[in-house]
Amino acid sequence: MSDEKLTPRNVDFSEWYNQIVLRAEMADYAPVRGCMVVRPYGWALWENIQQALDKRFKDTGHVNAAFPLFIPMSFLEKEKEHVEGFSPELAVVTIGGGEKLEEPLVVRPTSETIIGYMYSKWIKSYRDLPVLINQWGNVVRWELRTRLFLRTLEFYWQEGHTAHATEQEAREETMRMLQVYAEFAVNEAAVPVISGVKSQTEKFAGANMSTAIEAMMQDTRALQSGTSHFLAQNFAKAFDIQFLDENNTLQYAWTTSWGLSTRFIGAIIMTHGDDQGLILPPRLAPIQAVIVPIFKSDSETAAVLETVTRVQAELKAAGIRVKVDDRTEVTPGFKFNDWEMRGVPLRIEIGPKDVEKGSVALARRDRPGREGKSFVPQAGLAAVVADLLTDIQKSLLERAIAFRDSHIFDPKDYTELTEVVQNGWAYSYWCESAECEAKVKEDTKATTRCMPLDQSLGKGKCIVCGKEAKRKVYFAKAY
RNA sequence: CGGGGUGUAGCGCAGCUGGUAGCGCACCGCGUUUGGGACGCGGGGGUCGGCGGUUCGAAUCCGCCCACCCCGACCA
């Protein structure tokens, strides 16, 4: 697969990205426009993402369930903003079993509506609340322009849908899950994110307030990598999710929804990858260490393979995800490049010299060439490897933070803002008017990404119009 | 939907002054190789996007259609 040099990032970032996805065998184009096949290596990464997130969801009291793929068209129409937001990108089934359907079925673009319908059946009392359900599944949005992982017609994700007795509880849930996403991104994927509130124009169709984690890719464009929405009583009213409270008063529930998709794989690729290929964070990497055996003669082969097998067993016993590349049809040099393309964090070379000296050669993926190489004894290798993986994880995060922070600017005036967003993000006061937001978008193609939560409120002038502004927002070109 | 482009082997391409298809990589077999993308020999694989027209003869010329890609509008 990895038979040629990658297009370097600084030559054509998009091309670099596409080549990595294909050559690392993360995904491939499907026969239907805009659809992709997630290949085993890409899916293994997704499974590790799922595990890391699912644990966090369970730890915060959520349970999993599965709702249908098809949603009656009329459900979408019950929430005004929701249908306006999603109708242009719906896939609709009109024929089933050869018969024209009474009512068209929408292939779910998101499941607020059908889950809202079910919640109205299940929720009758304050004692039924909160309902904290998540589902892992796929959805379809008929996008015009697609990119592997970043925007495909069909994508895999999880969507959490919760219902609460009070506004405060629902708001807390919205923020809790935003925090879960942020913590996951930073600690598992080494993707530093900025979390905050979306503007009214950027929010989810049907939400009162949307929040998101935003990550900076290496071309400085922003990638919304996870969202958490406070839906107020909008869907509860549309679907009659009502309950009797302690005082026997009928109340509408307060709901939230939150999601993170296979798009996150794109975030990992574009945060960490280099001109050799992918670099996966050790905590999520399907293969954390790959052993490349090296030998010439038959007599060497036996000795090398014996050592390789023993080292493999020791690492595996230590809980390290290790693979031996025992292919005989390609040379070690080919394998080095191949595993670099696939982003395996650590390579272990074992050859005749190592058998003789009782050593192995280690090469860390995040530091190319001689700098990342070391020669260590076979004795106690598992501990050394574990420490190295920890260090690689840490280094990746530090590097990504350094990149991000060196590309965030505080422009002095509007002219400077229009300049900095060409190669970075601007963090500026904004009056929160749609007009000023639209002006920036028209002049620069940059949009508001999010307004961080931990701001001390109350001072500053809008970078666009000069009026009083309460808080700052990130302006950036986005995916 | 507007502007531009491309369709020839799995991928990338050549052939386009008409004469019945070729190169590189990949793939299969054998042998030699193996510490940074090995080499030799042999081999398999193509309705030339589709339909129609011109012609003795079309990958090649003409017409229509289709698909995909890029730019824009739109977007998790």
Side-chain angles (χ1 to χ4, degrees), chain A residues 1-6 12 14-15 18-19 22-23 28-35 85-90 109-110 138-147 149-159 181 198 201-205 207 210 212-215 222-229 257-267 276-277 292-298 300-301 304 325-341 347-357 359-363 368-370 372-373 375 441-442 445 447 449 478-479:
Chain A
M1 268 295 116
S2 44
D3 53 338
E4 295 167 32
K5 288 264 184 292
L6 268 181
D12 186 341
S14 292
E15 186 55 28
N18 286 335
Q19 287 179 0
L22 296 173
R23 293 192 198 173
D28 200 356
Y29 291 103
V32 179
R33 179 195 73 84
C35 292
F86 281 103
S87 56
E89 52 191 53
L90 294 179
T110 179
N138 53 344
V139 290
V140 168
R141 299 181 187 177
W142 213 266
E143 302 288 353
L144 296 176
R145 290 188 64 186
T146 57
R147 302 274 318 269
F149 288 118
L150 302 178
R151 180 170 287 105
T152 44
L153 292 199
E154 179 193 19
F155 59 91
Y156 295 85
W157 75 345
Q158 57 68 217
E159 47 179 327
Y181 287 148
K198 302 296 276 187
T201 50
E202 294 282 333
K203 73 170 202 240
F204 175 75
S210 287
I213 53 170
E214 297 278 341
L223 185 71
Q224 181 176 306
S225 308
T227 50
S228 181
H229 312 294
S257 67
W258 26 276
L260 184 145
S261 76
T262 39
R263 177 181 242 207
F264 199 87
I265 291 175
Q276 297 302 313
V292 178
I294 295 155
F295 40 72
K296 292 192 180 81
S297 65
D298 284 349
E300 284 172 352
T301 305
V304 166
D325 187 348
D326 55 4
R327 287 178 290 178
T328 53
E329 68 273 20
V330 290
T331 61
F334 181 93
K335 292 176 183 177
F336 297 166
N337 286 284
D338 200 30
W339 293 110
E340 281 166 13
M341 180 65 70
R347 182 178 75 238
I348 303 170
E349 301 168 24
I350 300 178
K353 289 182 221 162
D354 300 296
V355 171
E356 195 181 309
K357 296 181 193 163
S359 64
V360 302
L362 300 178
R370 196 163 297 173
K373 271 216 165 186
F375 301 87
K441 188 176 181 181
E442 197 181 318
K445 291 183 182 171
T447 53
R449 299 324 304 158
Y479 274 96

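Values below: all heavy atoms of this structure, side chains included; hydrogens, waters and symmetry mates excluded.
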Are there any protein N/O atoms within less than 3.5 Å of an N/O atom in nucleotides 38-42 of chain B, and if so, which ones and at what distance?
| unit_1 | atom_1 | unit_2 | atom_2 | d |
| --- | --- | --- | --- | --- |
| B/A38 | OP1 | A/T331 | OG1 | 3.4 |
| B/A38 | OP2 | A/T331 | OG1 | 2.3 |

Of the options B/A76, B/C75, B/U34, whose atoms approach the side-chain atoms of A/F295 most closely?
B/U34

A/V355: side-chain contact (heavy atoms from CB on, under 4.5 Å) partners, not counting sequence neighbours:
A/A303, A/V304, A/T307

Counting distance alone, no hydrogens or angles: does the base of B/G36 have a donor or acceptor under 3.5 Å from a partner atom on the side chain of A/E349?
no

A/K445 side chain near B/G72 phosphate (N/O to OP1/OP2, under 4.0 Å):
yes

Whole-angstrom distance between B/U17 and B/U6, as gauged at atom P
16 Å

Would you say A/K373's side chain and A/L362's backbone share a donor-acceptor pair under 3.5 angstrom?
no

A/P352 or A/E202, whichever maps to the more 5' nucleotide of RNA chain B:
A/P352

Complement of B/C30, any strand, by Watson-Crick or G-U distances under 3.5 angstrom
B/G40

Give a yes or no on whether a donor-acceptor pair under 3.5 Å exists between the nucleobase atoms of B/G37, that is its base, and the side chain of A/D338.
no

For the P atoms, the ones on B/G42 and on B/G10, what distance do you get once it is rounded to whole angstrom?
24 Å

Roughly how many Å apart are B/G18 and B/G37, using the P atom of each and rounding to a whole number?
47 Å

Checking contacts here: which listed nucleotide (B/G37, B/C75, B/A76) is nearest the side-chain heavy atoms of A/R141?
B/A76

Base B/G36 paired with A/R347 side chain (donor-acceptor, <3.5 Å):
yes

So, using side chain to side chain donor-acceptor pair (under 3.5 Å) as the criterion, who are the partners of A/D28 when residues are at least two apart?
none

May I ask you to decide if A/K198's main-chain N or O and A/S210's side chain share a donor-acceptor pair within less than 3.5 Å?
no

First encountered from the 5' end of RNA chain B, between A/A361 and A/A478:
A/A361

Under 6.0 Å from the ring centre and within 45 degrees of the ring axis: does the NZ or CZ of A/R347 meet both conditions for the six-membered ring of A/F336?
yes

Using the P atom in both, what is the distance from B/U8 to B/C61, to the nearest Å?
16 Å

Determine the interatomic distance between C1' on B/C62 and the same-named atom on B/U54; round to the nearest Å.
7 Å

B/U47 and B/A59: how far apart are their P atoms, nearest whole angstrom?
13 Å

Give me the distance, rounded to whole Å, that separates B/C68 from B/U32 when you measure between the C1' atoms they each carry.
44 Å

Rounded to whole angstrom, note down the C1' distance from B/G57 over to B/C25.
34 Å

With both distances under 3.5 angstrom, what nucleotide forms a Watson-Crick or G-U wobble pair with B/C68?
B/G5

Side-chain donor or acceptor of A/E300 paired with backbone N/O of A/K296 under 3.5 Å:
yes

Between A/K335 (side chain) and A/D325 (backbone), is there a donor-acceptor pair under 3.5 Å?
yes

